[in-house]
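Okay, so here's the structure we're looking at.
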Amino acid sequence: MQDLGIQVLFEGINFERLLKGLWISLKLGLISMLFSVILGLLLGCVMAGKNRIIKFLCRVYLEIVRIMPQLVLLFLVYFGAAKHFGADISGETAAVIVFTFWGTAEMGDLVRSALISIPKHQYESGYSLGLSKLQLYVNIIMPQTFQRLLPSAVNLLTRMIKTTSLVVLIGVVEVVKVGKQIIDASRYDNPKAALWIYGTIFLLYFAVCYPISKLSSALERRLKV
Amino acid sequence: MGDSILKTVGLTKSFDGKNPVLKDIDFSINKGEVVVIIGPSGCGKSTFLRCLSLLENIDSGEILLAGKPIGLDKKDIHKYREKIGMVFQSYDLFPHKTVLQNIILAPVIVQKRKKEEVNREAEKLLERVGLLEKKNVYPRQLSGGQKQRAAIVRSLIMNPEVLLLDEITAALDPEMVREVLQVVLELAKEGMTMIIVTHEMNFAKAVADRVIFLDNGEIAEEETPQEFFECPKTERAKKFLNTFDYETSKI
């Protein structure tokens, strides 16, 4: 039978290794997302507040994160921190720090815009029914904020998972790196491996991100107010 | 004045600290009375209602409910708002809750009433305004007139001492105005105390026990509807009423 290159997937534990790599990618994405959601909620509330100085500082933070490529941030934390502060942090820790730094800014901005998009009248009709501030936020403002937030937060999660592939460049062995190792190892006896391996990685990312993105648009439709 | 339920003494309000939009307003409404406030736009009608529902801080003066000045304490303010119902121009139902949930929210969490009891009362009120079959739908599925009727029920179920209606038909299509005003007319018949800001002059004539003409932040005229609409005393009121009188104007 002619060599199609596909068998590289089933040689030894190659496929299992790819899945393990995928798990590392997912783990980095999910942990960073978890921190980003918690910190972003706080940041968003602060950004929607009235204090001008704090708002300005948040703005600066947000702009820095948006302007800087995540890769540069990764290098800065992984290599820069190690060299200048003698901090010995693993690639995975550096990745979680950077993605949380990035995700918090994005999430904060999403929370802020969801909060300020609630019309003033929602507050007023709540208050005029005699609700206290706490009752108003718990029953009226927060549920609507979450509704508006959910689709874009889920969207951020898929971006986060995709972006974790950058950690390859600071030596974290995730799904892309595993693929590269497999390709390198079978360079002589299977020169066509690259297509099959990267194709598989493509499908793996698709299998993870597509349902999430579908979920996001389904939520968007269902929660439309 | 007889049995004043809600009263203001020297109420003054400005948004910039300099130019008052309400100047020294002395106002009083008795239990069961319906007062309609009319006046040109920007005269302070809506601001007056917003002051009465404590959505705006007042610069000076006093608001008294059943003879007692309102405390500045948060608890007092919530207690007061519970007793003063407010319906807005833009309905402002809570979009994430069904009609029924919108209505029972405040009685259950503010007044701590039993859910079953509140549910029953809500259904009765919804039936009265012809919305019982809509109780489980979300506000976005309702027409403007239906939303406004639901909003009225939401205020009514709190058993307010006074109901404030702020241009409740101004955002509605003409054919829906009637269904909403009909509800208000019935409430008036039943003796609900109401302060109504409206631009519907025929409605004002029909519903009011007393008409207040507010102009430039002052009470310019205060009359029975018959007197006010037949022979307004001030020039300003005459001019204002003429703008509604299409027949005599030379179109």
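Please read all numbers here as calculations on a predicted model, not as lab measurements. Order of the sequence lines sets the chain letters (A, B, ...), proteins ahead of strands, with each chain counted from 1.
Side chains of A/Ser213 and A/Ser216: a donor-acceptor N/O pair is absent below 3.5 angstrom, by distance only. Inspection of the B/Ser14 and B/Asp59 side chains reveals an N or O donor paired with an N or O acceptor under 3.5 Å. At a cut-off of 3.5 Å, with distance as the only test, a side-chain donor of B/Ser28 or B/Ser4 sits close to an acceptor on the other residue.
A cation-pi arrangement, defined by a distance under 6.0 Å to the six-membered ring centre and an angle within 45 degrees of its axis, is absent between B/Arg154 and B/Tyr91. A cation-pi arrangement is absent between B/Lys83 and B/Tyr80 under the rule of less than 6.0 angstrom and at most 45 degrees off the ring axis. Within the cation-pi definition used here (under 6.0 Å to the ring centroid, within 45° of the axis), A/Arg59 does not qualify as a partner of A/Phe56.
Salt bridge present: A/Lys20 and A/Glu16 bring a charged side-chain N and a carboxylate O closer than 4.0 Å.
For a residue to count as touching a neighbouring chain, one of its non-hydrogen atoms must lie under 4.5 Å from one of that chain's; by this rule B/Lys97 touches chain A with the side chain only. With a threshold of 4.5 angstrom between heavy atoms, B/Phe88 approaches chain A through side-chain atoms but not through N, CA, C or O. For chain A, the nearby part of B/Arg50 is the side chain; its heavy atoms alone come within less than 4.5 Å. No part of B/Leu164 comes within reach of chain A, as not one of its non-hydrogen atoms sits under 4.5 angstrom from that chain. The contact between B/Ile84 and chain A is made entirely by backbone atoms, counting heavy-atom distances below 4.5 Å.
Chosen from B/Leu55, B/Ile77, B/Leu54, the residue pairing most often with chain A at heavy-atom distances under 4.5 Å is B/Leu55. Between chain B and the options A/Lys133, A/Gln135, A/Gln122, heavy-atom pairs under 4.5 Å are most frequent for A/Gln122.
Contact residues of residues 98-121 of chain A toward chain B are A/Lys120, A/His121 (heavy-atom distance under 4.5 Å).
Listed here is the closest heavy atom pair of B/Ser143 and B/Glu179: OG-OE2, 4.4 Å.
Evaluated for a side chain to side chain contact (heavy atoms under 4.5 Å, CB included) with B/Lys135, the options B/Asn102, B/Asn119, B/Leu100 yield exactly one hit, B/Leu100.
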